[in-house]
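Before any comments, here is the structure.
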Amino acid sequence: MILRAADGTQLTARRTGRGAPVVLIHGSAGGLDSWDPVVPRLSDRFELWTYARRGYAPSDGCTRPKTFADDVADVRAVLTAAGGRAHVVGASYGATVALHAALAAAGLRSLVVFEPPLFSAGPSLADALNRYRALLEAGDLLGAARVLAAEVARVPAPVLPAITAPPESEAAGCLHDLEAMTADTPDLGRWAGIGVPTLLLRGSETWTPMPETMGALAAAMPSAVRTVLPGQSHFATHAAPDLFAEALGGFLLEHS
C-alpha cells in the first residue's frame with residue numbers, strides 16, 4: 001500500500017498478520033523486505049507493518065539532505081495507518097529512528113531497539129559523508145559501501161573484504177541516512193526523556209563499540225529491559241530470526 005508523510009513523501013508499506021500493531025523500521029542498506037525472516041514468526045500474534053524508509057525504493061527518494069525529523073514524520077504516517085498507536089521496533093539505523101520517534105511522543109505503545117549505531121553521529125562524520133557522496137557520484141558503489149562499513153558502522157577490518165557493492169538504489173538510501181547521522185548529536189542523555197516501555201536488544205558477538213554504546217544507552221534509560229542474544233551479532237535478524245522473534249514477541253505481548 002502507499003502511504004503519504006506530512007510533507008507529501010510517498011512510502012510503500014505492507015501489513016501482515018493480525019493482533020496488536022507493530023511497526024518495524026529497517027536499517028541502512030535495507031528496504032521493504034528487510035524484516036522478511038522475522039515477520040512469519042510473529043504474524044500469528046501481531047499485525048506487522050513494514051515499509052521502505054524515504055530514500056529507499058519503492059518509496060520516494062529525498063529531494064534535500066535528510067534529517068531524523070524526516071524519518072520521524074514517516075513513522076508517524078505508518079502509525080496513523082496502523083490506527084494511531086503501535087509498538088515500534090527498529091534495527092540498526094532504524095533503531096535510531098525508533099528512539100527519535102519515541103522521544104517525539106509519536107504514538108508508541110512500546111519501543112524495541114536493536115543495536116542503534118549511536119557512536120556514529122554529529123559533525124565528526126562530515127568527512128566520511130563527503131567521501132561517500134563522491135564515491136557514489138563516481139559510480140564506485142563498492143568503495144562507498146566500504147567507507148560506510150569501516151568508518152560509520154565500525155565493521156572490523158577482517159570482515160571488510162566480505163562487504164559487496166549494494167544496488168545503486170540502496171547506496172543512495174545509505175547516503176541519506178549518513179546525512180541524517182551527520183546532522184545529529186552523539187548525546188545519549190536525551191534518551192532519558194523516553195517514557196514508554198523499552199527493550200534494548202543486542203547480540204553477544206557484535207563488535208566494539210556497540211556493546212559499550214548499548215551499555216551507555218542502558219545507563220541513560222535505567223527502566224529499560226535489556227536482552228542479549230547469545231552467539232549473535234549485528235546480523236541477528238537474518239542469522240537467527242527464531243531467536244530474535246522469541247525475544248521480541250515476549251516483550252511485545254507483555255505490553256500489548
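Computed over heavy atoms, backbone and side chain alike; hydrogens, waters and symmetry mates excluded.
You'll find the side chain of Cys174 stays beyond 4.5 Å of the side chain of Pro166, heavy atoms only. For the pair Ser120/Leu178, no side-chain contact is recorded, criterion being any heavy-atom separation below 4.5 Å from C-beta on. Two residues are said to be in side-chain contact when any heavy atoms from C-beta on lie closer than 4.5 Å; Ser28 and Glu170 fail this criterion. For the pair Val196 and Arg109, the minimum side-chain heavy-atom distance is 4.5 Å or more. With a 4.5 Å cut-off on side-chain heavy atoms, Leu135 and Val147 count as touching. Counting heavy atoms from C-beta on, the side chains of Val75 and Tyr51 come closer than 4.5 Å. Looking at Thr9 and Arg4, their side chains never come closer than 4.5 Å, going by heavy atoms from C-beta outward. Looking at heavy atoms from C-beta onward, Thr16 lies out of side-chain contact with Thr50 at the 4.5 angstrom threshold.
To the nearest 0.5 Å, atoms CD (Glu246) and CG (Leu42) are separated by 11.0 Å. Distance CG/Leu108 to CG/Leu79: 6.0 Å, rounded to 0.5 Å. Note that CG of Leu99 and CH2 of Trp191 are 5.0 Å apart. Values are rounded to the nearest 0.5 Å. Between the CG atom in Leu148 and the CZ atom in Arg154 there is a gap of 12.0 Å [rounded to 0.5 Å]. Residue Thr237 holds its OG1 atom at 10.5 Å from CG of Asp36, rounded to the nearest 0.5 Å.
Note: the hydrophobic cluster containing Met214 also contains Leu188 (ILVMFWY, side chain heavy atoms under 4.5 Å, direct or indirect links). Ile194 and Leu118 fall within a single hydrophobic cluster, where Ile, Leu, Val, Met, Phe, Trp and Tyr are joined by side-chain heavy atoms under 4.5 Å apart, directly or via other members. Linking ILVMFWY residues whenever their side-chain heavy atoms come closer than 4.5 Å, directly or via other members, places Leu141 and Leu175 in the same cluster. Two different hydrophobic clusters hold Leu129 and Val155 under the rule that ILVMFWY side chains link at heavy-atom gaps under 4.5 Å. Follow the hydrophobic side-chain contacts under 4.5 Å out from Leu32 and you never reach Val89; the two are in separate clusters.
Salt bridge annotation for Arg146-Glu151: absent, with no cationic side-chain nitrogen under 4.0 angstrom from a carboxylate oxygen. Comment: Glu179 engages Arg133 in a salt bridge, judged by a side-chain N to carboxylate O separation of less than 4.0 angstrom.
Remark: aromatic rings of Phe251 and His87 are distant, center separation not under 6.0 Å. Taking the six-membered ring for Trp, His238 and Trp35 have ring centres at least 6.0 Å apart.
With Asp70 as the fixed residue, the salt bridge (charged side-chain N to carboxylate O under 4.0 Å, His left out) test singles out one of Arg53, Arg76, Arg64: Arg64. Each of Leu200, Leu199, Leu201, Ile25 was compared with Val113 under the side chain to side chain contact (heavy atoms under 4.5 Å, CB included) criterion, and only Leu200 meets it. None of Asp177, Asp60, Asp7 except one satisfies the salt bridge (charged side-chain N to carboxylate O under 4.0 Å, His left out) rule with Arg54; the exception is Asp7.
Side-chain contact of Glu115 with Thr206: a donor-acceptor pair under 3.5 Å is present, judged by distance alone. Defined by atom type and a distance below 3.5 Å, a donor-acceptor pair is missing between the side-chain atoms of Asp127 and Tyr132.
For Glu168, the CD atom sits in a loose shell: 12 or fewer heavy atoms of surrounding residues, nucleotides or ligands are nearer than 6.0 Å. Other residues, nucleotides and ligands place no more than 12 heavy atoms under 6.0 Å from the CZ atom of Arg18.
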Pair Arg41, Asp242 - check side chain to side chain contact (heavy atoms under 4.5 Å, CB included), show working.
CA-CA 7 Å; Arg41 293 162 169 84; Asp242 286 318; 2.5 Å; yes

Could you check Asp184 against His100 for side chain to side chain contact (heavy atoms under 4.5 Å, CB included), going step by step and ending with a plain yes or no?
CA-CA 11 Å; Asp184 201 21; His100 278 274; 3.3 Å; yes

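Ring planes of Phe235 and Trp207: tilted class, angle from 30 to 60°. Ring orientation note: the planes of Tyr56 and His26 are nearly perpendicular, at an angle over 60° on the 30°/60° scale.
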